[in-house]
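Read the structure below first, then the notes.
One-based numbering, in listed order, for ligands and for the atoms of each.
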Amino acid sequence: MNAPQASSSAPSRWSPPGSSRIPFWAYTDDQLYQRELEAIFYGAHWCYVGLEVEIPNVGDYKLSHIGERQVLMVRDRVAPEDRGIDIGIRVVENRCAHRGVRFCQKLQGNARSFVCPYHQWTYKLNGDLAGLPFKDGVKDGDCVNGGMPEGFELKDHGLTKLRVATLHGLVFATFSDQTEPLQDYLGPHVMPWLERIFKGRTLTLLGYNRQRIPGNWKLMMENIKDPYHPGLLHTWFVTFGLWRADQKSRMVMDAQGRHAVMISRKNEGGQAAVTQGVTSFKAGMTLHDDRLLDVVPEPWWRIPDPSNPGAEITPTVTMITLFPSLIVQQQVNSLSTRHIVPRGAGEFDFVWTHFGFADDTPEMTRRRLRQSNLFGPAGFVSADDGEVIELSQGGFRQWGEGGSTLCELGGTGTEMTEHMVTETLIRSMYAYWKKVMAV
Ligand code: FES
Ligand code: FE2
């Protein structure tokens, strides 16, 4: 059987019904990817840029990305009369208003202003153009040579300023005037799970990991919305009892199906029948250093059950996906944000920021770091995900446009569930994606 030939124009028709069969072209088509950047990353969506704790002092900045555009998250001065209403966080594009140079090359730093190296146009921390050399020309005797034309105003030539919204220390920005308020964008179903981790907390920064994964950016979102695979792909999870298909679990999504929370509680003791026949279960496997599994329950894990008034719930894992580019991970004591930075249809960078809380003991900080290494990109779990994403992309590419994936565990619907034997969160994301992309 021959693979169908790829057509030269961008496909725009999604022929299978519903959102349970995702055409391969959704992952491989370059023109479609350019439309995704415009409609999703540069459109009416809030995109994650970083954590407030990364820029504690005036002048601190961090280089980040929204889609393929570089942006700077900056801590600006706040006028005394604006204290309380303005927290001073700005997000500006890293692109000089003169001739387009990405003027900042450092990932993080502190600056009084930003100076473009090419012709030294100088910008304030809020992105306003403060000045430029030879604006009024150069004097030669009685005459003046050159200079900017009459009517040139500094205020018309600042950096692109994005709208900024923060939530309990998380910083989001958007290029669009149309994006709804952040709280509405996230919605009431997802909010309690963000508040459980962040509300009223002072964060501490524990470190970063960065990795480049040769697959489409949506595959990372799918992976974290997919409770089917952890108890099968991840030998480590299965063998050491951190994830099994019979765990108490819940799949939550926002009203539009684009964001989600995968909530689960580790079983106490005993090997359930669910590990029988699972080939990744290795009965004889033990650890040389079992500090990796030194899990200590924390009081904040327990919260009032948002969907069951009067009851409480104590998850050990919550994986929050905020469309389009953020994952917030709690895996027992390890906490991270994971930021997706697309680089073409077939590749993305994945930036992990590991954090803890200001009132952690030194032992808890060590524990979080150890577990972050366990769950991080070079640990025993996520390395598997990076690899299967690469293998998925390879499979899509070798077949061409005629093929599609099959995401029908638990049916073809897009409802919330009280178990993990489902691909509902993937279907719900593609139902939303189809609408935004008008395919
Ligand atoms: Fe930035 Fe000329 S390109 S100053
Ligand atoms: Fe995984």
Could you give me a count of protein N/O/S atoms that are under 2.8 Å from the Fe ion (ligand 2)?
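For the Fe ion (ligand 2), the figure is 4.
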Sort out for me which residue in T422, V261, I263 forms a side chain to side chain contact (heavy atoms under 4.5 Å, CB included) with M251.
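Going through the options one by one, the only one that passes is T422.
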Under the salt bridge (Lys or Arg N to Asp or Glu O under 4.0 Å) rule, what do R427 and E408 come out as? Steps first, then yes or no, please.
CA-CA 8 Å; R427 295 190 289 270; E408 300 189 351; over 6 Å; no
Report the residues that fulfil ring-ring contact (aromatic ring centres under 6.0 Å, His included) with Y432, sequence neighbours left out, ordered by chain and then residue number.
H45, F323
When you measure from the centre of the six-membered ring of Y27, is the NZ or CZ of K218 under 6.0 Å away and within 45° of the axis?
yes
Within 45° cone and under 6.0 Å: R212 NZ/CZ vs F348 ring:
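R212 over F348 ring: no.
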What about the rings of W217 and F41, do their centers lie closer together than 6.0 Å?
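Centroid separation for W217 and F41: below 6.0 Å.
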With ring centroids as reference points, do F350 and W352 lie under 6.0 angstrom apart?
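Ring centroids of F350 and W352 are less than 6.0 Å from each other.
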I'd like to check the side-chain hydrogen bond (donor to acceptor under 3.5 Å, both in side chains) partners of Q120; sequence neighbours left out, ordered by chain and number.
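Here no residue qualifies.
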Using only heavy-atom distances, determine whether the side chains of H234 and D384 contain a donor-acceptor pair under 3.5 Å.
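Their side chains do contain a donor-acceptor pair, which is all the 3.5 Å distance test asks for.
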Less than 2.8 Å from atom 2 (Fe) of ligand 1 is the window; count the protein N, O or S atoms in it.
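Considering protein N, O and S only, atom 2 (Fe) of ligand 1 has 2 within range.
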